[in-house]
Amino acid sequence: MKFLIADDHPIILVALTEMLATAFPDRISRIDTVSDGLGLLRRVNDTHYDYDYLTLDMEMPERPRGISLLEAVRTARPSLKIIVYTGHVSPCLALTAIDLGAVAYVSKGSGPQLAIDAIRAVLDGHTFIDPSIDLDAARNHPWNHLTASEREVLLALGRGENMQALAIDSERSYKTVTTHKYNALRKLGLRSKAEIGVFLSRHGLDYLLD
């Protein structure tokens, strides 16, 4: 089987490569590395490379990154089994990654050995979630209790859009849009629209602003 490691930290690239080669000498025939999202996309779109597994750091510099990068990889190579190994421990981000097709999610804070354990589980046909990440917390997150309209309004505000323009574009009254805004802020415990971006980033939901 052929393995690709995507990470912008040279030490992690070397460490994971050596650990994979040691842990699975008879199962992995090739291990390659890339250090940025564009390089990763070039590899998965190149028909000369036929990788079976990818260890993905979603927080590499430059775009695409994060969930956008994961989606782009999945679109380019749907059969590729993706093990997310990242510094972002947000349960919401982990749940989104799994829902989008990642077969494992591991925090870098848990150490490279847990990443190897996750890869072993994936090679054996299982999924793997870092025990430190509570997916139930993501499923019950306050964001999921907002209505679709409330989420739409908050995201628009988070992007800096104008409320009046939003009302016109969505063919709703200004009063209706304002009601969605204040209901959403109340449900999330926020005091003003200035806190929206910080909230989304803290909870691993800022990808929704892309």
Side-chain angles (χ1 to χ4, degrees), residues 1-9 12-13 16-17 19-21 23-24 26-108 110 112 114-130 133 135-136 138-139 141 143-144 148 151 155 200 203-210:
M1 291 177 286
K2 300 179 183 67
F3 221 100
L4 180 61
I5 303 172
D7 201 292
D8 63 308
H9 295 285
I12 290 179
L13 291 176
L16 279 183
T17 298
M19 293 179 75
L20 280 170
F24 312 104
D26 300 323
R27 302 180 71 178
I28 298 178
S29 61
R30 177 173 179 163
I31 303 172
D32 291 336
T33 64
V34 292
S35 58
D36 61 81
L38 288 177
L40 171 58
L41 292 181
R42 282 194 292 268
R43 281 297 177 91
V44 298
N45 280 294
D46 190 334
T47 56
H48 289 93
Y49 298 99
D50 189 21
Y51 297 108
D52 302 292
Y53 297 90
L54 166 67
T55 299
L56 174 64
D57 176 11
M58 296 201 301
E59 297 303 312
M60 293 184 289
E62 308 299 332
R63 293 183 180 274
R65 62 181 178 178
I67 291 298
S68 295
L69 179 57
L70 175 60
E71 289 180 311
V73 171
R74 289 284 296 158
T75 298
R77 193 70 67 88
S79 63
L80 189 63
K81 293 181 174 59
I82 302 173
I83 299 98
V84 175
Y85 184 50
T86 183
H88 211 312
V89 297
S90 164
C92 291
L93 187 64
L95 181 60
T96 300
I98 295 299
D99 286 345
L100 289 173
V103 293
Y105 194 101
V106 181
S107 164
K108 286 184 176 178
S110 297
L114 192 66
I116 297 300
D117 292 342
I119 292 166
R120 180 174 288 106
V122 170
L123 289 175
D124 290 337
H126 306 295
T127 58
F128 186 97
I129 303 297
D130 190 318
I133 297 174
L135 291 189
D136 285 338
R139 296 185 181 98
H141 193 275
W143 180 260
N144 295 324
R151 288 195 294 268
L155 291 176
L200 293 173
H203 293 274
L205 296 167
D206 49 331
Y207 70 90
L208 294 170
L209 296 174
D210 292 341

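Nothing fancy with the numbering, it's 1 onward along the sequence.
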>> Can you confirm whether Ser90 sits close enough to Ile133 that some side-chain heavy atom of one is under 4.5 Å from a side-chain heavy atom of the other?
In response: no
>> Just to verify, which of Leu20, Leu56, Leu40 counts as forming a side-chain contact (heavy atoms from CB on, under 4.5 Å) with Ile5?
In response: Leu20
> Can you list every pair that meets salt bridge (Lys or Arg N to Asp or Glu O under 4.0 Å) and has a residue in residues 43-56, with sequence neighbours left out?
Replying inline: Asp32-Arg43, Asp50-Arg77
> Rounded to the nearest 0.5 Å, how far does CG of Leu93 lie from CE of Met58?
Replying inline: 4.0 Å
> If every non-hydrogen atom of Val103 is compared with every non-hydrogen atom of Ile98, which pair is closest and at what distance?
Replying inline: C-CD1, 4.4 Å
>> When you compare the side chain of Ile67 with that of Asp210, does any pair of heavy atoms fall below 4.5 Å?
In response: no
> Which heavy atom of Glu59 sits nearest a heavy atom of Gly66, and at what distance?
Replying inline: OE2-CA, 4.4 Å
> Do Asp130 and Ser110 have a side chain donor and acceptor closer than 3.5 Å?
Replying inline: yes
>> So, taking the atom named OG in Ser107 and the one named CD1 in Ile129, what distance separates them when rounded to the nearest 0.5 Å?
In response: 12.0 Å
>> According to ring-ring contact (aromatic ring centres under 6.0 Å, His included), who are the partners of Tyr85, at least two apart in sequence or on a separate chain?
In response: none
> Quick one: does Ser35's side chain have a donor or acceptor within less than 3.5 Å of a partner on Asp7's backbone?
Replying inline: no
>> Show the nearest heavy-atom pair for residues His88 and Gly204, with the distance to one decimal.
In response: CE1-CA, 3.7 Å
>> So Thr55 and Val106, do their side chains get closer than 4.5 Å, heavy atoms only?
In response: no
> Would Met60 and Leu69 satisfy side chain to side chain contact (heavy atoms under 4.5 Å, CB included), going step by step from the backbone distance to the final call?
Replying inline: CA-CA 10 Å; Met60 293 184 289; Leu69 179 57; 3.7 Å; yes
>> Can you tell me which residue among Leu70, Val84, Ile82 is in a side-chain contact (heavy atoms from CB on, under 4.5 Å) with Leu100?
In response: Leu70
> What closest approach, in Å, do Asp57 and Asp8 show between heavy atoms, and which atom pair accounts for it?
Replying inline: OD2-OD1, 3.2 Å
> Got a second to check how far Arg27's CZ is from Ile119's CD1, nearest 0.5 Å?
Replying inline: 11.0 Å
> Taking only residues two or more places apart in sequence or in another chain, which ones pass salt bridge (charged side-chain N to carboxylate O under 4.0 Å, His left out) with Arg74?
Replying inline: none
>> For a quick test of reading the model, state the closest non-hydrogen atom pair linking Ala6 to Leu54 and the distance between them.
In response: CB-CD1, 4.0 Å
> Just wondering, do Val34 and Arg42 contact through their side chains at under 4.5 Å, heavy atoms?
Replying inline: no
>> Check this for me: Lys108, atom NZ, are more than 12 non-hydrogen atoms of other residues, nucleotides or ligands nearer than 6.0 Å?
In response: yes
>> Just to verify, what does His203 make a ring-ring contact (aromatic ring centres under 6.0 Å, His included) with, not counting sequence neighbours?
In response: His141, Phe199
> Do side-chain atoms of Arg120 reach the backbone of Ala23 as a donor and acceptor pair under 3.5 angstrom?
Replying inline: no
>> Considering only residues two or more places apart or on different chains, which pairs with a residue in residues 94-106 satisfy side-chain hydrogen bond (donor to acceptor under 3.5 Å, both in side chains)?
In response: Thr96-Tyr207
>> With a 4.5 Å cut-off on side-chain heavy atoms, are Leu114 and Phe128 touching?
In response: yes
> Between OG1 of Thr17 and CE of Met19, what distance do you get to the nearest 0.5 Å?
Replying inline: 11.0 Å
> Donor-acceptor pair, Asn144 side chain versus Ala138 backbone, under 3.5 Å?
Replying inline: yes
>> As an exercise, state the distance from CD1 of Ile31 to CZ of Phe24, rounded to the nearest 0.5 Å.
In response: 9.5 Å
>> Side chains of Leu41 and Val73, heavy atoms from C-beta outward: is any pair under 4.5 Å?
In response: yes
>> Applying ring-ring contact (aromatic ring centres under 6.0 Å, His included), can you list everything that pairs with Tyr53, at least two apart in sequence or on another chain?
In response: Phe3
